[in-house]
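Every heavy atom of this structure was used, including side-chain atoms; hydrogens, water molecules and symmetry mates were not. In what follows, chains are A, B, ... by sequence order, proteins preceding strands, each numbered from 1.
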Protein chains: 2
Amino acid sequence: MSRVRIADVAKAARVSNATVSFAFNKPQEISEATVKRVMAVAHRLGYTPHPTARSLSTKRSGSIGFLIPQSVEVVFANPFVSDLIRGVGEICEQHDLTMLLVPPLNGSLESAIGRAAVDGFISLGLNTGDRSLDTLRRLGLPCILVDADPQPGIATINIDDFGGAAAAAAHLLELGHRRIAVVGLGEPRDRGESGIGARRLAGYRQTIRAAGGAPPRVVPAGVTFASGQAAFRQLWRAKHHPTAVLAMSDMAAIGLMATAREHGVLLPEELSVVGYDDIPMASWVTPTLTTVRQPIAEKGRQAARLLVAQLGGKHVRSPQPLATELVIRESTARHR
Amino acid sequence: MSRVRIADVAKAARVSNATVSFAFNKPQEISEATVKRVMAVAHRLGYTPHPTARSLSTKRSGSIGFLIPQSVEVVFANPFVSDLIRGVGEICEQHDLTMLLVPPLNGSLESAIGRAAVDGFISLGLNTGDRSLDTLRRLGLPCILVDADPQPGIATINIDDFGGAAAAAAHLLELGHRRIAVVGLGEPRDRGESGIGARRLAGYRQTIRAAGGAPPRVVPAGVTFASGQAAFRQLWRAKHHPTAVLAMSDMAAIGLMATAREHGVLLPEELSVVGYDDIPMASWVTPTLTTVRQPIAEKGRQAARLLVAQLGGKHVRSPQPLATELVIRESTARHR
DNA sequence: TTGTATGCGTTATCAA
DNA sequence: TTGATAACGCATACAA
């Protein structure tokens with residue numbers, strides 16, 4: 001019981017393969033009666049064009065790849081990614097594109113890229129110097145970067161990481177905090193070099209320095225609840241506890257707050273916490289989280305729109321970084 | 001600057017196409033020296049096998065479709081889906097499979113199914129009688145259903161929806177609650193018919209009836225924060241307010257709780273709330289949410305494992321429904 | 001308006 | 001061990 005092919009339809013409808021193909025793809029090119037007849041036969045036989053064969057011929061797969069730097073398991077633990085996907089998905093659906101999730105294959109994004117049958121990629125947080133970028137270029141696949149360092153010839157969607165971080169730091173300084181800790185993003189070796197972590201850290205540091213504050217202690221963390229828990233424990237292990245924390249993700253901030261409360265730390269009286277992202281959850285936790293809002297879904301939409309444009313042959317350029325906004329809620333208070 | 005093809009490599013390495021193909025796919029079939037030489041040339045030229053051409057030939061795409069009943073925009077608003085995806089992704093990565101997100105195309109899942117170049121599907125919540133099931137059968141594509149009614153010949157992953165709901169209801173009854181409301185799942189027209197909503201509702205109803213309680217009022221909702229907010233407003237519009245609520249999703253429960261607090265309702269003193277799912281967030285909100293835990297990621301893993309087995313030609317059967325467990329936290333209290 | 005013939009880039013069969 | 005060559009299933013330029 002093999003699949004119904006175009007030839008089967010053609011034979012049953014007493015026309016050629018080409019006519020069947022036209023009936024599906026360019027109905028206006030042939031007579032209406034023929035289209036009707038062919039389609040009726042096709043439907044009766046249960047024919048559906050083979051997507052792979054069609055792709056090989058048209059050189060279009062009708063799907064785009066969503067490149068993630070780690071496993072699905074890890075990346076989707078952060079609600080940020082869901083929101084980003086939602087934005088991308090919105091535009092994809094407008095253009096009948098499906099989305100392929102492409103994590104590294106055996107640790108290598110390069111090989112995963114080569115195996116993905118897609119028309120282009122949206123990539124989340126690709127570090128400068130990553131060889132995947134060369135692979136992308138070599139294959140000539142359109143690609144839009146999100147939350148990455150600008151690359152020559154590749155459009156990148158970014159937010160004003162520095163400005164958001166600066167606003168967050170300024171808020172804490174204004175509240176009288178002087179012993180401020182930073183919960184970083186990713187491994188220490190990455191932080192100083194590049195990426196959003198570095199930009200945010202610069203925003204924190206410069207603002208604090210400009211106010212005459214001491215350089216903040218920085219503890220590494222990821223974008224998960226658990227990493228926020230770990231960050232708290234690390235901070236509280238030291239003799240002098242900070243009176244305020246600047247986190248680079250809401251998830252880490254929320255994990256940190258939960259653990260702080262478990263340790264009997266009063267929030268925000270004894271510890272002010274500022275997050276980053278403003279994921280929906282930030283306004284549902286207790287205390288509600290003061291955070292730097294970034295338009296997550298909009299980033300996804302922009303990236304997808306740009307990719308669609310590029311698929312259409314247009315030359316696209318990186319837009320201006322999107323604005324961030326400090327959202328003051330209950331997790332920050334005046335230093336006592 | 002067209003893409004490097006297998007013939008280019010063959011010519012440059014002075015071998016035939018077949019030899020190049022062997023070097024990539026069955027290195028043990030040809031001499032080691034040849035493999036080495038061919039691979040060196042391939043690498044120098046930047047050759048990567050064309051995934052679509054390869055698929056057409058092997059009849060394998062190396063990716064599976066994740067069928068969702070609504071747009072990505074809507075479906076990914078529920079953290080439940082992220083967790084499910086994480087489970088599926090975990091197994092996929094073990095088998096070098098990528099995941100294609102397949103939402104309805106112009107409202108029709110059927111056409112979306114036909115266009116997806118995948119080896120099989122995992123489908124979330126496909127209702128009985130959905131014609132997509134016929135399409136799947138016709139195309140002969142392996143498919144595993146999650147949270148759906150059992151279909152003849154199609155393996156389905158389910159949890160003990162009834163038992164979980166019954167435990168939740170029993171818990172509230174035990175706490176002395178008699179005026180209990182249910183926050184449903186989906187449209188009223190679907191609820192009575194089939195699906196997890198119906199099974200959970202039956203669990204609530206039968207348990208309450210067995211205890212001699214009055215039939216619960218049921219208000220419809222979805223699986224989003226906003227639908228929980230709406231459900232609260234609808235409940236509070238009536239004269240007699242319930243003293244406890246059974247929600248069919250944590251997200252709805254969390255939305256309901258947030259709105260209740262805004263209306264000055266004390267939680268859990270004046271209103272007990274039970275959720276369903278036990279998404280991570282359930283233990284981060286205030287009060288922490290009493291809920292029915294289901295192994296979300298495990299469902300994803302099971303579905304993926306079954307699909308992989310089916311792709312391997314094995315005949316698979318629906319496993320036993322996975323156990324649920326009532327997790328008692330702070331959102332439920334004795335009726336005053 | 002319809003049919004024929006070729007290309008898409010691999011894999012795999014069968015000879016050599 | 002390697003090399004021609006036929007599928008794979010469809011789209012499309014070109015011919016009729």
Side-chain angles (χ1 to χ4, degrees), chain A residues 1-39 41-42 45-62 111 114-119 138-141, chain B residues 1-39 41-42 45-63 114-119 138-141:
Chain A
M1 184 199 93
S2 147
R3 187 169 169 151
V4 179
R5 293 168 305 176
I6 197 169
D8 301 322
V9 179
K11 194 178 293 177
R14 298 168 170 280
V15 293
S16 73
N17 292 8
T19 304
V20 178
S21 179
F22 273 152
F24 273 83
N25 305 310
K26 309 201 169 168
Q28 68 279 13
E29 302 275 318
I30 59 180
S31 80
E32 205 171 312
T34 312
V35 172
K36 236 176 177 169
R37 185 162 51 90
V38 170
M39 292 308 271
V41 172
L45 264 43
Y47 168 73
T48 308
H50 192 297
T52 306
R54 175 194 279 255
S55 293
L56 185 61
S57 194
T58 58
K59 297 173 173 300
R60 280 271 165 151
S61 68
S111 48
R115 292 166 104 91
V118 298
D119 299 329
R138 176 165 54 72
L139 261 27
L141 282 170
Chain B
M1 185 199 92
S2 150
R3 185 169 172 153
V4 179
R5 292 169 305 176
I6 197 170
D8 301 323
V9 179
K11 194 178 293 176
R14 297 167 171 283
V15 293
S16 73
N17 291 8
T19 305
V20 178
S21 179
F22 273 150
F24 272 83
N25 304 311
K26 309 198 171 171
Q28 67 279 14
E29 302 275 318
I30 59 179
S31 78
E32 205 171 312
T34 312
V35 172
K36 234 176 178 170
R37 185 162 50 91
V38 169
M39 292 308 271
V41 172
L45 263 44
Y47 168 73
T48 307
H50 193 297
T52 305
R54 175 193 278 252
S55 293
L56 185 61
S57 194
T58 59
K59 298 174 173 299
R60 280 269 164 153
S61 68
S63 59
R115 293 166 104 92
V118 298
D119 299 328
R138 175 164 55 71
L139 262 27
L141 282 170

Between C:dA12 (P) and B:L56 (CG): distance, integer Å
12 Å
B:P27 and B:A23 have their tightest heavy-atom pair at CG-O, 3.6 Å
For B:R3 and B:P49, work out which heavy atoms get closest and say how close.
NH2-O, 3.5 Å
Measure the distance from NZ on A:K36 to C1' on C:dT1 and round it to the nearest whole Å.
18 Å
Verify the neighbour count for atom CD of A:Q28: are there more than 12 heavy atoms of other residues, nucleotides or ligands below 6.0 Å?
yes
Indicate whether OP1 or OP2 belonging to C:dG9 is found under 4.0 Å from a side-chain N or O atom of A:K59.
yes
Whole-Å gap separating P (C:dT11) and CD1 (B:I30)
12 Å
OP1, OP2 of C:dT10 versus side-chain N and O of B:T52: anything below 4.0 Å?
no
For D:dT1, does OP1 or OP2 lie under 4.0 Å from any side-chain N or O of B:T34?
no
Can you give one letter per nucleotide of nucleotides 10-16 of chain D, 5' to 3': B if a protein heavy atom sits under 4.0 Å from the base, S if only from the sugar-phosphate, - if neither?
BSB----
Residues that A:S21 engages under side-chain contact (heavy atoms from CB on, under 4.5 Å), provided they are two or more places apart
A:I6, A:N25
Nearest-Å distance for atom pair CZ/C1', residues B:R14 and D:dT2:
16 Å
Report the end-to-end axis angle of the helix from C:dT1-D:dA16 to C:dA16-D:dT1; each axis comes from five terminal pairs, and the value is rounded to 10°.
40°
Closest non-hydrogen contact found for A:V38 with A:T19 is CG2-CG2, 4.4 Å
Ignoring hydrogens, what is the shortest heavy-atom contact between B:D8 and B:L45? Give both atom names and the distance.
O-CD2, 3.9 Å
With a 3.5 Å cut-off and no angle check, do the side chains of B:T52 and B:S55 form a donor-acceptor pair?
no
I want to check something: taking the side chain as every heavy atom from C-beta on, are A:R5 and A:N17 in contact at a cut-off of under 4.5 Å?
no
